[in-house]
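Single-structure report; data block below.
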Amino acid sequence: MAGTGGVRPPPPARGPSLKALSLQGLALLAVIAACGWAGHNAVENLAQRNIDVDFGFLLNPAGFDIPFRLTAWSTADSYARALLVSGLNTLLASALAIMLATALGLVLALMRLSVNPLASWTARMVVELVRNTPQLLQIVFWYIAVLQVLPNPRASVSVGGAVFLNVRGLFMPAPLSPWFGWLLAIVLAIAVLLPRALPRPPLLLTAVTPLAAAVAIAVMTTGWEWPALSGFNFAGGWR
């Protein structure tokens, strides 16, 4: 006691008792048995209705159209091809959202730090309004108060006769190239990942990458598909 200054050493650590291990083992067996029973019951019910539970449907023709796509697509393509086309669309949307959100956040941050009261309070109001408003309410607002007030397809807002904006969406010319989608996805991935990999990328690399991408896209594009009004909506191009 004198050597330890009157402080007793902690008791030795005990492992779980045999009773606790037995109860845990029984609980695990019960969960496995319940999952096995549920799986067996589901398989039997699906078999009675001639429903196959596998991934063979991925090779079947999809039979639906994907209006916006970065690579070649037709209604006769398989579901696996549809997953690929949708995945490229998701990568494009994610990359654009990351870049736009980063730019918007930087602008708001600079405005918030500004000595100009108007800029500072405008940024503060935007941040507080977006952060304290439910996302579902924001989606309803943009859909009803912004998108639904756009003109109908016949009275579209046109930019140079190539880009059209209406209540159905935004229509742009689409490049005719089977590799355009892959190239664009790679360029956007580089644009998003390069600042993370190199916090201070060389100026030459930053300037050459967009130029090289533009040259490659121009070389690989054999033509353009222009959107055109067809009935009550636009056909062709990107949407």
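Only heavy atoms go into these numbers, but all of them, side chains included; no hydrogens, no water, no symmetry mates. In this text the structure is predicted, and so the values were computed from the model without any measurement.
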* Asked: Is the closest side-chain heavy-atom distance between N166 and L150 below 4.5 Å?
  -> no
* Asked: Given a cutoff of under 4.5 Å between side-chain heavy atoms of I, L, V, M, F, W and Y, with clusters grown through shared members, what are the other residues clustered with L106?
  -> L110
Compile the donor-acceptor pairs under 3.5 Å between side chains in residues 82-89 and protein atoms, sequence neighbours left out, one pair per line.
| unit_1 | atom_1 | unit_2 | atom_2 | d |
| --- | --- | --- | --- | --- |
| S86 | OG | A82 | O | 2.8 |
| N89 | ND2 | F68 | O | 2.8 |

* Asked: Is the count of non-hydrogen atoms from other residues, nucleotides or ligands lying under 6.0 Å from Q135 atom CD greater than 12?
  -> no
* Which residue pairs pass the side-chain hydrogen bond (donor to acceptor under 3.5 Å, both in side chains) test with at least one member in residues 30-43, sequence neighbours excluded? -> H40-E44, N41-N45
* Connected-component partners of L23 among ILVMFWY, side-chain separation under 4.5 Å -> none
* Asked: Are V130 and L104 grouped together when hydrophobic residues (ILVMFWY) are joined by side-chain heavy atoms under 4.5 angstrom apart?
  -> yes
* Structure fact -> Looking only at heavy atoms, the pair that brings T133 and L137 closest together is CG2-CD2, 3.6 Å
* Structure fact -> Sorted by chain and residue number, the side chain to side chain contact (heavy atoms under 4.5 Å, CB included) partners of L170 (sequence neighbours excluded) come out as V163, L165, M172
* To do: Would you mind listing every side-chain hydrogen bond (donor to acceptor under 3.5 Å, both in side chains) that reaches into residues 137-147, with sequence neighbours excluded?
  => Y143-Q148
* Determine which pairs satisfy side-chain hydrogen bond (donor to acceptor under 3.5 Å, both in side chains) with at least one residue from residues 102-118, sequence neighbours left out, and list them in order. => R112-S120
* Structure fact -> The side chain to side chain contact (heavy atoms under 4.5 Å, CB included) partners of D77 (sequence neighbours excluded) come to W73, S74, R81
* Partner set under side chain to side chain contact (heavy atoms under 4.5 Å, CB included) for Y79, not counting sequence neighbours -> F57, L58, N60, A62, F64
* Contacts of S158 that satisfy side chain to side chain contact (heavy atoms under 4.5 Å, CB included) - sequence neighbours left out -> F164
* Sub-4.5 Å side-chain heavy-atom contact between L108 and V126 -> yes
